Amino acid sequence: MLDIQLLRKDLATVVARLATRGYPLDAPRFEALENERKDIQTRTQDLQAQRNTLSKQIGMAKGKGIDASDLMQQVPAVNTALVDLEARLTIVQDAMQAFLEGIPNLPQAEVPVGKNEHDNVELRRWGEPRAFDFTPRDHVDLGEGLDLLDFPTAVKIATSRFALMRGDLARLHRALAQFMLDIHSGEHGYEEVYVPYLVNAEALRGTGQLPKFEEDLFKVGDNLYLIPTAEVPVTNIVAGEIIPVENLPIRLVAHTPCFRSEAGSYGRDTRGMIRQHQFDKVEMVQMVHPDDSSAALEELTGHAETILQRLGLPYRVMALCTGDTGFSAARTYDLEVWLPGQNAYREISSCSNFEAFQARRMQARFKNEAGKNEFIHTINGSGLAVGRCLVAVLENYQEADGSITLPEALRPYMRGVERLHADES
RNA sequence: GGAGAGGUGGCAGAGUGGUCGAAUGCACCGGAUUCGAAAUCCGGCACACGGUUUACCGUGUCGGGGGUUCGAAUCCCCCCUUCUCCGCCA
């Protein structure tokens with residue numbers, strides 16, 4: 001959520017900056033709501049002050065044993081007017097709140113202006129895509145060829161967009177998550193957390209998934225939703241808190257499954273594990289002093305890159321343009337890993353600075369140097385998407401016979417297994 | 001699942017219809033004392049919003065919502081939540 005003071009003070013600038021991300025802010029509506037609110041609120045407060053004064057006088061009179069019936073006769077008229085005004089005030093305030101919650105974050109000045117993913121800017125590349133002396137297969141052919149990846153059975157149990165992994169592939173999947181978690185918690189200074197996989201609407205509102213993106217979520221029962229990313233439970237750890245400034249920055253990492261309905265993505269990435277209803281992800285979250293958030297985003301992005309580098313997976317870093325930046329983010333870098341099976345770079349991590357956007361929704365603050373409560377900044381990023389990382393390992397490390405040579409870094413997690421290969425039989 | 005007890009400022013904890021946004025203690029900030037510190041003493045110290053604008057005035061907030069009343073932290077109803085005991089259970 002944006003600071004309403006910013007809209008009051010400099011509406012034109014806000015409109016212009018939001019326009020770069022393709023969001024048409026309804027300025028006349030804002031001004032109309034604001035004027036109505038101001039009018040009703042001042043009138044309401046005047047009446048409340050009148051009532052308070054009268055009641056206080058009645059109390060004083062009764063305390064002295066004086067008859068107060070004159071005063072008491074004056075109150076009902078005030079109250080009648082108040083009932084109406086207070087109701088109208090609530091309506092305007094709710095409308096304003098809903099209006100504000102629907103506005104996306106302002107992109108930072110450095111974000112390249114553009115319409116969609118085609119306008120994203122490549123910042124750097126790491127690693128050389130391997131030259132194959134055979135036609136590389138994609139992870140579906142590889143996994144099924146090894147009898148370790150099974151989509152039909154997953155469909156039988158659940159529905160499409162689910163996967164079943166077996167044996168050493170299931171183990172490799174677990175190894176990847178462990179490996180990532182160990183590096184972030186052991187080398188990058190993150191505290192590992194285990195969090196609920198079901199969250200309430202308030203938490204989702206805090207990080208910005210609700211109210212706008214309910215159709216992307218799986219709802220369970222009356223009040224709970226399966227998490228679409230660990231960002232939701234992890235970031236909300238600080239919701240409503242006033243954090244001692246010396247505790248900043250807070251760095252947290254969690255490995256969780258993520259659940260997405262993928263509404264509106266029919267026909268996209270229907271083959272394989274790229275786009276699933278359920279996938280695992282290791283997520284890094286930082287809560288920082290506002291002065292430090294830009295540096296923290298660079299740092300966190302580097303932490304995600306470290307994983308790809310240790311696994312020897314070629315990737316590039318993309319600066320998302322204004323039009324492709326997510327609702328809550330002020331700035332986002334995507335990491336795209338090279339997938340030989342698709343002959344393309346594909347997103348494997350998304351790292352964003354949300355500035356105070358989520359903190360304002362969550363009421364997550366710290367006491368600043370002046371002793372005033374101030375909103376923290378939040379940053380998060382995948383480090384990495386486990387399923388897509390598994391895909392990348394399979395495709396980049398495949399051999400001509402369909403076997404997979406495992407990267408050195410993972411071998412300690414694979415009880416000595418160095419290759420995935422089909423049974424001899 | 002059954003029974004009971006609670007949710008008040010950063011924390012602890014008073015307050016059961018009227019000058020209560022709320023005693024007291026701790027923590028914190030400023031000052032005195034001290035060579036300095038501890039201890040002690042004095043003072044300050046919730047948040048949000050609105051109006052005016054450095055001072056100021058007003059409104060709202062005592063888990064959330066609704067009700068009674070001229071007036072609610074205090075009475076009534078509903079919900080959420082925490083704790084204790086019993087049962088069950090990975």
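Within every chain, numbering begins at 1; the chains are lettered A, B, ... in the order of the sequence lines, protein sequences first and strands thereafter. Everything numeric here is computed off the predicted structure, so don't read it as measured data.
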If only side-chain N and O atoms count, and only distance matters, is there a donor-acceptor pair under 3.5 Å linking [Y] with [X]?
X: A:D182; Y: A:Y413; value: yes
X: A:Q93; Y: A:Q97; value: no
X: A:N105; Y: A:S328; value: no
X: A:Y225; Y: A:Q209; value: no
X: A:D280; Y: A:H255; value: yes
X: A:T153; Y: A:D150; value: yes
X: A:Q358; Y: A:E231; value: yes
X: A:E355; Y: A:H377; value: no
X: A:H303; Y: A:Y190; value: yes

Separation of [X] atom [atom1] from [N] atom [atom2], in whole Å?
X: A:L85; N: B:rG50; atom1: CG; atom2: C1'; result: 15 Å
X: A:K56; N: B:rA72; atom1: NZ; atom2: P; result: 12 Å
X: A:N200; N: B:rC79; atom1: CG; atom2: P; result: 19 Å
X: A:E86; N: B:rG65; atom1: CD; atom2: C1'; result: 15 Å
X: A:L47; N: B:rG71; atom1: CG; atom2: P; result: 14 Å
X: A:D3; N: B:rA48; atom1: CG; atom2: C1'; result: 13 Å
X: A:L54; N: B:rC70; atom1: CG; atom2: C1'; result: 8 Å
X: A:R37; N: B:rA48; atom1: CZ; atom2: P; result: 16 Å

Atom [atom1], compared across [N] and [M]: separation rounded to whole Å:
N: B:rC56; M: B:rG17; atom1: P; value: 35 Å
N: B:rA37; M: B:rA32; atom1: P; value: 11 Å
N: B:rC26; M: B:rG13; atom1: C1'; value: 11 Å
N: B:rG60; M: B:rC20; atom1: C1'; value: 15 Å
N: B:rG15; M: B:rA90; atom1: C1'; value: 45 Å
N: B:rG44; M: B:rU34; atom1: C1'; value: 23 Å
N: B:rG30; M: B:rC47; atom1: C1'; value: 22 Å
N: B:rG18; M: B:rG10; atom1: C1'; value: 30 Å

Testing A:T229, A:V285, A:V199, A:V232 for side chain to side chain contact (heavy atoms under 4.5 Å, CB included) with A:T207, which one passes? A:V232

Is the phosphate of B:rC80 approached by A:N223 (side-chain N or O, under 4.0 Å from OP1 or OP2)? no

Base, sugar-phosphate or nothing for [X]? Non-hydrogen atoms, less than 4.0 Å.
X: A:K38; answer: sugar-phosphate
X: A:E241; answer: nothing
X: A:I58; answer: base

Which nucleotides of RNA chain B pair, in dot-bracket form (Watson-Crick or G-U under 3.5 Å, | meaning another strand): ((((((((.[[[..)..(.....]]].(((((.......))))).((((((....)))))).[[[[[..)....]]]]])))))))....

Close N or O pairs between protein and nucleotides 56-59 of chain B (under 3.5 Å):
from	atom 1	to	atom 2	distance (Å)
B:rG58	N2	A:Q45	OE1	3.3
B:rG58	N2	A:Q45	NE2	3.4
B:rU59	OP1	A:N52	ND2	3.2
B:rU59	O3'	A:Q48	OE1	3.2
B:rU59	O2'	A:Q48	OE1	2.6

With side chain to side chain donor-acceptor pair (under 3.5 Å) as the test, pick out the partner of A:D269 among A:Q342, A:R346, A:R161. A:R346

5'-most by nearest nucleotide on RNA chain B - A:I4 or A:M60: A:M60

